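Structure first, commentary second.
Note that these values count all heavy atoms, side chains included, but never hydrogens, waters or copies made by symmetry. Computed from a predicted model, the values in this text were never measured in an experiment.
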Amino acid sequence: MFRMRYVVEAKSEEHAMDEVTMHASGGECELKEFSQHHIDEVISSGRKLSEKEYLKLFDKDNDYLKSWPDKKKLEFINKIDYTD
């Protein structure tokens, strides 16, 4: 993750932010970058889930996959191998 800064001369802060949204959020940026700061990964939360809670969250975050069987949904759980 990076924090990108752009300096935009505009009539209002809102206009400047709109300009950044329109021209800097796609693939190639049309605005000149003022600065960039590497932030790294940010883990915003963590919690323990039961299988039932996991499946409910899976359906909420991936509503287009609700029709999948539970067994397939459970394949997205990453497991740590503690045998090493």
Side-chain angles (χ1 to χ4, degrees):
M1 182 185 304
F2 291 87
R3 184 213 60 217
M4 313 292 277
R5 282 196 176 145
Y6 302 91
V7 176
V8 179
E9 185 177 331
K11 290 183 178 181
S12 72
E13 184 178 337
E14 182 182 3
H15 290 172
M17 290 190 301
D18 286 346
E19 190 71 9
V20 171
T21 300
M22 290 172 43
H23 297 285
S25 60
E28 192 171 319
C29 178
E30 297 174 23
L31 299 177
K32 290 179 277 189
E33 181 183 303
F34 176 74
S35 66
Q36 183 181 116
H37 176 71
H38 182 252
I39 298 173
D40 207 1
E41 288 187 54
V42 176
I43 299 172
S44 61
S45 69
R47 63 180 184 254
K48 186 174 181 177
L49 298 172
S50 67
E51 185 174 300
K52 182 178 178 180
E53 291 168 324
Y54 168 83
L55 292 168
K56 184 177 177 181
L57 183 61
F58 186 97
D59 287 346
K60 180 182 174 205
D61 284 6
N62 305 289
D63 63 336
Y64 60 99
L65 302 175
K66 281 184 179 180
S67 63
W68 280 12
D70 290 351
K71 184 177 180 181
K72 184 156 181 79
K73 294 175 187 178
L74 293 169
E75 291 176 3
F76 286 82
I77 297 174
N78 296 288
K79 298 179 182 179
I80 297 174
D81 181 4
Y82 289 104
T83 58
D84 291 341

Not counting sequence neighbours, which residues clear side-chain contact (heavy atoms from CB on, under 4.5 Å) with Met17? List them please.
Glu13
Nearest 0.5 Å, what's the NE2-CZ distance between His38 and Arg3?
12.5 Å
Which atom names give the shortest non-hydrogen contact between Tyr6 and Val20, and what distance separates them?
CD1-CG1, 3.9 Å
What distance do Arg5 atom CZ and Gln36 atom CD have between them, rounded to the nearest 0.5 Å?
12.0 Å
Minimum heavy-atom separation for Lys72 and Phe76, please, with both atom names.
O-CD1, 3.7 Å
Rounded to the nearest 0.5 Å, how far does CG of Leu31 lie from CE of Met22?
9.5 Å
With a 4.5 Å heavy-atom cut-off, do Asp81 and Lys79 have their side chains touching?
no
So does Phe2 have more than 12 non-hydrogen atoms from other groups sitting under 6.0 Å from CZ?
yes
Distance-only check: which donor-acceptor pairs under 3.5 Å involve side-chain atoms of residues 56-67, not counting sequence neighbours?
residue : atom : partner : partner atom : Å
Asp59   : OD1  : Lys73   : NZ           : 2.6
Asp59   : OD2  : Lys73   : NZ           : 3.3
Asn62   : ND2  : Phe58   : O            : 3.1

If you compare all heavy atoms of Ala16 against all heavy atoms of Ala10, which two are closest, and at what distance to 0.1 Å?
N-CB, 3.9 Å
Which pair of non-hydrogen atoms, one from Lys48 and one from Glu53, has the smallest distance, and what is that distance?
O-OE1, 4.0 Å
Rounded to the nearest 0.5 Å, how far does CD of Glu51 lie from CG of Leu74?
4.5 Å
